[in-house]
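Numbers restart at 1 for each chain; the letters A, B, ... are given by sequence-line order, proteins then strands. Side chains are part of it too, since the values below use all heavy atoms of this structure and drop only hydrogens, waters and symmetry mates.
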Amino acid sequence: MRIGSLFFSTLREDPADAEMPSHRLLLRAGYIRPLGAGIYSLLPLGMRVNMHVTQVVREEMNAIGAQEMLMPVVHPADLWRETGRYDQIGPEMGRFKDRGGRDMVLAMTHEEVVADLLRKLVSSWRQLPQQVYHFQTKWRDEPRSRGGLIRVREFTMKDAYSADRDEAGLDHSYNLYYHAYTRIFARLGLKTIAVASDVGMMGGSQAHEFMAFSEFGEDTLVICDSCKSASNRQVAQVRKATPASEAPLPLEEVATPNAPTIEALAAQLHIGQEQTAKVVFFVDREERLIVAIVRGDDDVEETKLTNAIGARDLRPAREEEIRAGNMVPGYASPIGASRALVVVDDLAAASANLVAGANREGYHLKNVNIPRDFTPDHIVDIASVKSGDRCLTCGDPLRLEKGIEVGNIFKLGTRYTAALGAEFLDEGGVKRPIIMGSYGIGIGRAVACIAEAHHDEKGLAWPVAVAPFDAHVALLGASKDPRVEASATALEAAAVAAGLELLVDDRNESPGVKFADAELLGAPWTVTISPRSIDAGGAEMTRRTDGERSVVPLAEVTERIVAAKRAEREQIEADLSARGFPPVYSAPSTTG
RNA sequence: CGGGGCGUAGCGCAGCUUGGUAGCGCGCGUCGUUCGGGACGACGAGGUCGGAGGUUCAAAUCCUCUCGCCCCGACCA
């Protein structure tokens with residue numbers, strides 16, 4: 001490919017509204033262009049990376065026996081009504097009517113369609129297990145898209161689905177995907193960790209998220225280096241401290257002017273924050289006021305709270321809603337409150353003589369004891385893990401990291417098959433619901449995460465497995481010396497024979513522009529052909545990652561690139577085998 | 001949905017406070033010179049100032065409404 005015919009344009013200056021490096025560089029280098037909020041076109045460069053990522057995913061899916069297919073992006077709403085999700089899911093689902101007035105939805109995911117196919121196609125245990133996958137557009141009307149390709153509204157997802165006879169089969173399928181995903185992200189050059197996670201809107205019994213480490217990550221990962229275990233902070237549990245046992249003292253009201261925050265309160269009373277109770281208010285979808293109480297040194301983890309009480313769509317309460325429950329914001333406690341669901345963190349409940357609000361402006365209560373002074377509806381872990389907390393299993397200190405979710409695996413169970421009547425007859429002639437799992441990877445997000453992980457101040461630096469071109473060929477002095485164009489033509493022919501793709505920059509631009517663009521676009525190699533390089537013996541090869549440079553005979557350029565590609569792939573395979581993830585799935589392993 | 005910011009040429013911005021000819025840099029076109037680290041000169045193309053309404057002799061500028069985008073909090077691949 002000659003660069004002059006490539007459909008793209010680079011930007012010399014940074015786009016004003018791009019914050020994340022991947023967003024900024026993918027825009028600047030001409031890989032993507034926005035069409036609207038969270039809606040992007042992939043330009044040919046971006047599509048090339050996308051296709052390479054897709055191919056790696058496809059190879060690993062096929063390797064575990066999954067079959068590629070394609071399901072529609074527009075679904076009849078009735079199918080989603082059958083599983084209840086049409087009403088459960090809020091405005092993030094795209095809805096419209098077709099010309100006949102029928103309700104239709106834009107696919108956010110494909111559990112319904114798979115379960116529908118299962119009930120139509122599968123009737124016997126002999127037809128199980130099955131695994132299918134596709135690469136398909138999803139529309140999710142995110143309340144807030146951001147970060148370029150990191151978080152968008154329309155995106156391509158590889159979603160795979162397993163269908164098994166029983167839980168043991170599901171466990172096996174789940175392990176297959178755990179294995180395949182580990183291999184996929186390693187091959188894509190992403191450092192990821194699988195963390196135990198919340199099941200969210202998918203439902204089901206168990207889930208892992210594959211997280212790429214990134215300082216721009218939206219999720220916080222809780223990692224125990226001793227146990228080699230990791231969880232999303234949303235569900236992570238810790239070994240809680242045992243509060244000193246004190247005899248409960250009588251309640252006592254104290255004046256605490258201008259102390260609506262825990263910090264101010266603790267400072268004013270000269271006590272530690274752990275001696276206070278923090279009260280946080282939420283309202284669920286049924287407009288129920290929820291009072292969540294943790295110790296002053298903790299924060300409420302909303303996902304834990306949501307799961308603990310089976311709530312949906314929690315949002316922070318407004319001040320008037322708090323007052324309607326007879327509580328005073330800033331000085332609140334459930335003592336004397338009405339009409340609220342009270343959830344207390346187990347640590348707070350075990351702590352004696354806490355300071356809590358008096359529901360009177362400027363006053364707090366000392367020596368609050370739970371449940372002596374009020375009766376919680378739930379006592380359960382709802383505290384957010386913080387740095388310094390200790391591992392539930394081994395007691396060692398936990399480490400917190402930021403990550404971006406690039407893939408997830410869910411044990412769905414019979415959530416969808418039971419609702420849709422996707423059943424099979426077992427050997428005994430007994431009708432049973434099919435057991436499902438679902439497994440997603442956001443392709444565009446993976447591309448963005450790779451860009452996040454592989455760039456420098458000059459531009460992108462793609463791993464060879466996904467680079468849009470194997471090499472960027474910069475021609476210098478071609479107008480003066482016909483040997484340059486002749487060499488380029490010869491190199492292009494050699495590349496075709498070797499199965500390599502080159503981007504040849506034959507523009508009439510200054511060398512600085514060509515080098516800068518080569519570094520911005522991020523091909524693994526820059527091959528410079530000039531009268532000088534020809535006199536020196538051929539072409540100059542520069543490795544993008546470390547700038548290592550050498551002059552090699554023109555005839556050896558392609559074999560050098562091929563050898564480097566092979567070496568990188570072999571290194572990745574060696575690393576994967578050492579970690580227990582060889583090309584062929586061998587044994588169950590979901591530890592970690 | 002709450003908070004903050006921004007919409008002026010393809011990109012980055014100035015002009016707005018104090019209303020009166022729409023500007024700068026980069027990029028783009030033609031010609032010439034240059035040619036191993038974002039070259040130089042000459043000439044040139046390109047804008048309903050996001051949109052609608054209002055105030056005014058006159059609106060990019062003031063007022064109202066509206067649309068869009070970005071960033072920070074509640075969701076997810």
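Near RNA chain B, meaning a heavy atom under 4.0 Å away, the residues from residues 516-542 of chain A are A/A516, A/D517, A/E519, A/T528, A/S530, A/R532, A/S533, A/E540. Heavy-atom distances under 4.0 Å link RNA chain B to A/L476, A/S479, A/K480 of residues 475-490 of chain A, given in residue order.
Within 4.0 Å (heavy atoms only), A/R153 reaches no atom of the nucleic acid at all. Using a 4.0 Å heavy-atom criterion, one finds that A/V513 contacts the bases of the nucleic acid, with or without backbone contacts as well. Among the heavy atoms of the strands lying under 4.0 Å from A/G147 are primed sugar atoms or P, OP1, OP2 only; no base atom is included. A/E142 comes within contact range of at least one nucleobase, with a heavy-atom separation under 4.0 Å. If you check every strand for non-hydrogen atoms under 4.0 Å, A/G36 touches sugar and phosphate atoms only. Heavy atoms of A/R33 sit nowhere under 4.0 angstrom from any nucleic acid atom. A/L314 comes within contact range of the sugar-phosphate backbone alone, with a heavy-atom separation under 4.0 Å but no base atom that close.
Under the rule for a salt bridge (Lys or Arg N to Asp or Glu O under 4.0 Å), the partners of A/E401 that lie at least two apart in sequence or sit in another chain are A/R399. Remark: A/E218 pairs with A/R146, A/R151 by the salt bridge (Lys or Arg N to Asp or Glu O under 4.0 Å) rule, at least two apart or across chains. Taking A/E60 as the reference, A/R183, A/R187 meet the side chain to side chain donor-acceptor pair (under 3.5 Å) condition, with sequence neighbours excluded. Partners of A/R144 according to the salt bridge (Lys or Arg N to Asp or Glu O under 4.0 Å) rule, which considers only residues two or more places apart in sequence or in another chain, do not exist here. Evaluation of the side chain to side chain donor-acceptor pair (under 3.5 Å) rule for A/Q131 yields A/Y177 as partners, not counting sequence neighbours. The side chain to side chain donor-acceptor pair (under 3.5 Å) check on A/E263 picks up nothing, with sequence neighbours excluded. Checked against salt bridge (Lys or Arg N to Asp or Glu O under 4.0 Å), A/E302 has no partners two or more places apart in sequence or in another chain. Listed by chain and number, the residues in a ring-ring contact (aromatic ring centres under 6.0 Å, His included) with A/W462 are A/Y31 (sequence neighbours excluded).
In this entry the distance linking CD1 of A/I150 with P of B/C70 reads 14 Å, nearest Å. One interatomic measurement links the two molecules: CD of A/E509 to P of B/G38, which rounds to 12 Å at whole-angstrom precision. The distance between atom CD1 of A/I39 and atom P of B/A77, rounded to the nearest whole Å, is 19 Å.
Ring pair A/H110/A/H134 is perpendicular by interplanar angle, where above 60° counts as perpendicular and below 30° as parallel. Ring geometry for A/Y40 versus A/H23: interplanar angle over 60°, hence perpendicular rather than tilted (30 to 60°).
Position along RNA chain B of the nearest nucleotide to A/G148 versus A/P143 favours A/G148 as the more 5'-ward residue.
Remark: A/R146 is in phosphate contact with B/C72, judged by side-chain N or O atoms under 4.0 Å from OP1 or OP2.
No salt bridge links A/D219 with A/R233; every basic N to acidic carboxylate O contact stays at or beyond 4.0 Å.
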* Structure fact -> Reading nucleotides 9-16 of chain B from 5' to 3' and marking B where a protein heavy atom lies under 4.0 Å of the base, S where only the sugar-phosphate is that close, and - otherwise, the string is --BSS---
* Asked: After noting the C-alpha distance and the side-chain angles of A/R507 and A/V513, does the key distance pass the side chain to side chain contact (heavy atoms under 4.5 Å, CB included) rule?
  -> CA-CA 10 Å; A/R507 293 175 297 177; A/V513 171; 4.3 Å; yes
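Cation-pi geometry between A/R85 and A/Y416 is not satisfied (NZ or CZ under 6.0 Å from the ring centre, within 45° of the ring normal). The side-chain tip of A/K411 points at the ring of A/Y174 from less than 6.0 angstrom away and within 45° of straight on.
Both thresholds, 5.5 Å between centres and 30° between ring planes, are not jointly met by A/F515 relative to the base of B/G36, so the two rings are not stacked.
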Any N/O pairs under 3.5 Å between the protein and nucleotides 2-7 of chain B? List them or say none.
none

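Remark: the A/D219 side chain and the B/C76 base include a donor-acceptor N/O pair separated by less than 3.5 Å.
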